[in-house]
Asks: 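Pasting a structure below so you can have a look.
These numbers were taken from a predicted model, which means no experiment stands behind them. Chain identifiers are assigned alphabetically (A, B, ...) following the order of the sequence lines, protein sequences preceding nucleic acid strands; residue numbering begins at 1 within each chain.
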Amino acid sequence: MNDWLDEKMRDDVYIEDGGFADRVLTRLPAPRRSRRRRRSTVLVLSSVLGAALSLFVLPGGRALTEAFREVVTLSADPSNVSILSIAVLGLVVAGAVALPRLITR
Amino acid sequence: MDLDDAALVARVVANDDRHAFSQLVRRHQSMVRGHLRRLTGGDEHLADDLAQEAFLRGYRGIGGFRGQAKFSSWMVRIATNVYLSHRRRHAVPYACETDIADPTAESAAGRSVFRHDLERAMTTLPETERIALSLAYADDATHEDIASIMQMPVGTVKSAILRAKEKLRKKLRAWAPVPS
């Protein structure tokens with residue numbers, strides 16, 4: 001294949017990108033959720049579900065719901081307020097740990 | 001340091017690394033767009049649309065790239081399939097204008113006039129010959145590679161390329177060097 005046509009065809013002109021690659025990138029589908037993010041979502045949802053179940057089913061949970069009811073109706077005794085505060089603090093700490101993992105990829 | 005294609009592909013697959021994918025596009029866009037321009041008779045807009053579609057398909061299917069062939073060969077195969085799909089949807093014959101320009105002139109856009117003439121002359125070739133010939137120059141593909149892409153026997157590919165070159169030699173004879 002070493003004739004003049006062959007040489008001319010092999011002497012190909014380079015096509016400048018001219019924004020082509022950028023146009024391709026703008027058409028790519030939305031980024032995939034990473035495995036880590038999916039795992040974090042599953043963990044958070046499981047925690048919320050577990051907390052909800054324990055709140056309404058377990059004896060300790062009943063104490064929490066009772067304390068919450070007393071705080072709402074302004075009839076709480078100090079020990080119940082402490083239980084509720086510890087529970088809320090636990091939730092805040094868990095949220096603070098889980099949220100950054102959920103937001104970042 | 002520039003990573004090789006295999007390393008860039010690995011990053012795209014593992015981390016959905018778009019920067020790595022953009023490097024792959026920049027590296028191979030000229031070859032893919034050139035191939036599609038030859039197939040579309042020099043229709044730059046259509047060729048670029050098809051090239052974009054080819055890279056998008058490449059991105060979606062990159063998890064299936066096993067590295068048995070070069071990434072460029074894999075991309076040129078996808079580009080050919082995109083072109084064939086387009087032809088099936090829009091079965092419109094290309095205009096066959098084959099007036100050959102002055103071989104000493106240069107186009108304003110910097111593209112060689114030869115390339116322009118070549119693209120136009122290729123529109124007169126039957127589809128099989130046009131694809132086989134373009135593939136032969138797109139990525140220095142072997143006859144076996146082309147046969148695999150076009151799903152036809154190697155012998156058929158060889159004769160298609162020979163016939164195509166013979167026809168082009170006649171159509172582009174104005175570009176042939178004058179014997180000394």
Asks: With a 4.5 Å heavy-atom cut-off, do A:Arg23 and B:Val25 have their side chains touching?
Replies: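 In short, these two side chains do not touch, never coming nearer than 4.5 Å.
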Asks: So how far is it from A:Met9 CE to B:Arg115 CZ, rounded to the nearest 0.5 Å?
Replies: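 Result: 10.0 Å between the selected atoms.
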Asks: Give, for atom OG of B:Ser30 and atom CG of A:Asp17, the distance between the pair rounded to the nearest 0.5 Å.
Replies: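 It is 9.5 Å, given to the nearest 0.5 Å.
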Asks: Is there a donor-acceptor pair under 3.5 Å between the side chain of B:Gln29 and the backbone N or O of A:Ile15?
Replies: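 Side chain of B:Gln29 to backbone of A:Ile15, a donor-acceptor pair under 3.5 Å: yes, one is there.
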Asks: Contact between B:Phe21 and A:Val24 at the side-chain level, heavy atoms closer than 4.5 Å - yes or no?
Replies: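 The answer is yes, as the side chains (C-beta and beyond) meet within the 4.5 Å cut-off.
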Asks: B:Tyr137, B:Leu162: one ILVMFWY side-chain cluster at the under-4.5 Å cut-off?
Replies: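 B:Tyr137 does not cluster with B:Leu162.
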Asks: Is the shortest side-chain heavy-atom distance between B:Phe55 and A:Arg27 below 4.5 Å?
Replies: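 No, side chains not in contact.
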Asks: In terms of hydrophobic clusters joined by side-chain contacts under 4.5 Å, are B:Trp74 and B:Val13 together?
Replies: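 Shared cluster, yes.
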Asks: Search all heavy atoms of B:Leu172 against all heavy atoms of A:Trp4 and return the closest pair with its distance.
Replies: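 In terms of heavy atoms, the two residues are closest at O-CH2, 3.2 Å.
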Asks: Within the side chain of B:Arg33, is there an N or O that forms a donor-acceptor pair under 3.5 Å with the backbone of A:Glu16?
Replies: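 Flag set: sc B:Arg33 to bb A:Glu16 pair under 3.5 Å.
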Asks: I need the minimum non-hydrogen distance between A:Ala21 and B:Ser22, along with the two atoms involved.
Replies: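 Nearest pair, atom of A:Ala21 first, then B:Ser22: CB-O, 4.5 Å.
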Asks: Between B:Trp175 and A:Leu5, does a side chain to side chain contact (heavy atoms under 4.5 Å, CB included) hold up when you go through it step by step?
Replies: CA-CA 8 Å; B:Trp175 289 94; A:Leu5 179 63; over 6 Å; no
Asks: With the side chain counted from C-beta on, respond yes when A:Phe20 and B:Gln52 share a heavy-atom pair under 4.5 Å apart, and no when they do not.
Replies: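 Side chain of A:Phe20 against side chain of B:Gln52, heavy atoms only: contact under 4.5 Å found.
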Asks: Would you find more than 12 non-hydrogen atoms of other residues, nucleotides or ligands less than 6.0 Å from B:Arg169 atom CZ?
Replies: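 Atom CZ in B:Arg169 is crowded, with more than 12 foreign heavy atoms closer than 6.0 Å.
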Asks: Could you state the interatomic distance from CG (A:Asp3) to NZ (B:Lys165), rounded to the nearest 0.5 Å?
Replies: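 Those atoms lie 4.5 Å apart.
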Asks: Are the charged groups of A:Lys8 and B:Asp117 less than 4.0 angstrom apart, N to O?
Replies: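 So A:Lys8 does not pair with B:Asp117 through a salt bridge.
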Asks: Should B:Met150 and B:Val154 be regarded as members of a common hydrophobic cluster, given that ILVMFWY residues are connected when their side-chain heavy atoms come within less than 4.5 Å of each other, either directly or indirectly?
Replies: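 No, B:Met150 and B:Val154 fall in different hydrophobic clusters.
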